[in-house]
**Q** 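Could you have a look at this structure, given as structure tokens, before my questions?
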Amino acid sequence: MHSLLNQTRVEFVRGDITRQATEAIVNAANSSLLGGGGVDGAIHRAGGPRILEECKKIRAQQGGCPTGEAVITTGGNLPARYVIHTVGPVWHGGSHNESMLLRSAYYNSLRLAQENDINSIAFPSISTGAYGYPVKQAAAIAVAAVLEFADSHSQPGLIRFVLFSDQDLVVYQAAWEEAVSSF
């Protein structure tokens with residue numbers, strides 16, 4: 001499924017984030033930037049050691065990546081030229097600013113893409129794996145952040161959500177339809 005908003009094409013696909021041939025992919029990283037499980041581990045394994053080397057340089061400069069923020073590295077051996085590492089919030093029931101932090105993770109990733117003249121970007125479902133964020137709530141926040149950004153920016157021209165399961169794909173598509181109808 002895809003939609004056009006302003007000059008931005010928004011797509012929803014089921015697939016593997018490490019195989020996306022967009023200019024950048026987003027890594028649902030942890031604040032250490034040293035790799036981990038889930039999407040983070042898969043990106044580091046597929047991208048090779050150059051990604052970790054650049055993450056270590058960023059750590060040396062700024063001490064990691066705070067929740068809601070984003071940093072950029074090479075894509076290493078990935079089809080994507082860049083990896084934008086963002087740290088989503090751990091779910092603690094919704095009363096610890098999780099929604100604002102998750103929105104910031106998406107928005108700051110898009111801002112970093114725009115600052116680096118990146119015209120296509122692929123997102124996983126941030127924070128919904130090991131961090132336990134409920135998918136339906138996370139999807140609503142993700143698509144709202146993308147809508148807000150795309151409404152006032154013409155770049156990136158392609159924003160793709162890459163979902164791991166058919167169930168998550170359906171949830172994200174439904175969240176998009178609902179968000180667009182009330183935008």
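Quick note: numbers below take in every heavy atom, side chains included, and nothing from hydrogens, waters or symmetry partners. For the single chain, residues carry numbers from 1 onward in sequence order.
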**Q** Kindly state each residue pair satisfying salt bridge (Lys or Arg N to Asp or Glu O under 4.0 Å) with at least one member in residues 66-94, sequence neighbours excluded.
**A** none

**Q** Atom OH in Y133, atom CG in L101: separation rounded to 0.5 Å?
**A**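 Interatomic distance, Y133 OH to L101 CG, rounded to 0.5 Å: 8.5 Å.
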
**Q** According to side-chain contact (heavy atoms from CB on, under 4.5 Å), who are the partners of S104, at least two apart in sequence or on a separate chain?
**A**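 For S104, the residues satisfying side-chain contact (heavy atoms from CB on, under 4.5 Å) (neighbours in sequence not counted) are M100, N108.
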
**Q** Under the side-chain contact (heavy atoms from CB on, under 4.5 Å) rule, collect the residues that match up with V171, sequence neighbours excluded.
**A** V135, K136, A139

**Q** I need the C55 SG to R50 CZ distance, nearest 0.5 Å.
**A**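 If I round to the nearest 0.5 Å, the distance is 12.0 Å.
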
**Q** Check each of I43, D40, T18, V39 against P124 using the side chain to side chain contact (heavy atoms under 4.5 Å, CB included) test, and report the only one that passes.
**A** V39

**Q** Tell me whether V162 is reachable from Y131 by hopping between hydrophobic residues (I, L, V, M, F, W, Y) whose side-chain heavy atoms are closer than 4.5 Å.
**A**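 Cluster IDs for Y131 and V162 differ.
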
**Q** Evaluate side-chain contact (heavy atoms from CB on, under 4.5 Å) for D151 paired with F183, printing each intermediate quantity in order.
**A** CA-CA 10 Å; D151 187 50; F183 189 70; 3.6 Å; yes

**Q** Indicate the atoms forming the closest heavy-atom contact of L110 with I121, along with that distance.
**A** CD2-CG2, 4.1 Å

**Q** Which atom names give the shortest non-hydrogen contact between V146 and V10, and what distance separates them?
**A**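 Smallest interatomic distance, heavy atoms only, reads CG1-CG2, 4.1 Å.
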
**Q** What pairs meet the salt bridge (Lys or Arg N to Asp or Glu O under 4.0 Å) rule with one or both residues in residues 15-31, with sequence neighbours excluded?
**A**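 Pairs touching residues 15-31 that pass the test: D16-R19.
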
**Q** Is there a donor-acceptor pair closer than 3.5 Å between any side-chain N or O of N30 and the backbone N or O of S32?
**A** yes

**Q** Answer yes if the side chains of Y82 and T74 hold a donor-acceptor pair under 3.5 Å, and no otherwise.
**A**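 No pair is found: no donor N or O on one side chain lies under 3.5 Å from an acceptor on the other.
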
**Q** In terms of hydrophobic clusters joined by side-chain contacts under 4.5 Å, are L33 and I51 together?
**A**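 No, L33 and I51 fall in different hydrophobic clusters.
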
**Q** Using modelled atom types only, decide if a donor and an acceptor are shared between the side chain of Q155 and the backbone of G157 within a distance under 3.5 Å.
**A**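 It does not hold such a pair.
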
**Q** Going by heavy atoms in the side chains, are H85 and T73 under 4.5 Å from each other?
**A**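 Result yes, sub-4.5 Å side-chain heavy-atom pair found.
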
**Q** Give the minimum heavy-atom separation between G88 and I126, together with the two atoms involved.
**A** CA-CG2, 3.8 Å

**Q** Sub-3.5 Å donor-acceptor pair from the side chain of S165 to the main-chain atoms of D168, do we have one?
**A**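 Pair found, side chain donor or acceptor close to backbone of D168.
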
**Q** Which heavy-atom pair separates S127 from P89 by the least distance, and what is that distance?
**A**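 Residues S127 and P89, closest heavy atoms: OG-O, 2.8 Å.
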
**Q** Give the minimum heavy-atom separation between C65 and V71, together with the two atoms involved.
**A** SG-CG1, 4.2 Å

**Q** Which pairs pass salt bridge (Lys or Arg N to Asp or Glu O under 4.0 Å) with one or both residues in residues 53-67, sequence neighbours excluded?
**A** none

**Q** Quick test of your reading: applying salt bridge (Lys or Arg N to Asp or Glu O under 4.0 Å), list the pairs with at least one residue in residues 95-124, sequence neighbours left out, ordered by first then second residue.
**A** R103-E148, R111-E115

**Q** May I ask whether L163 and L147 are part of the same hydrophobic cluster, defined by side-chain heavy atoms of I, L, V, M, F, W, Y residues being less than 4.5 angstrom apart, directly or through others?
**A**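 Looking at the clustering, L147 is in the same group as L163.
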
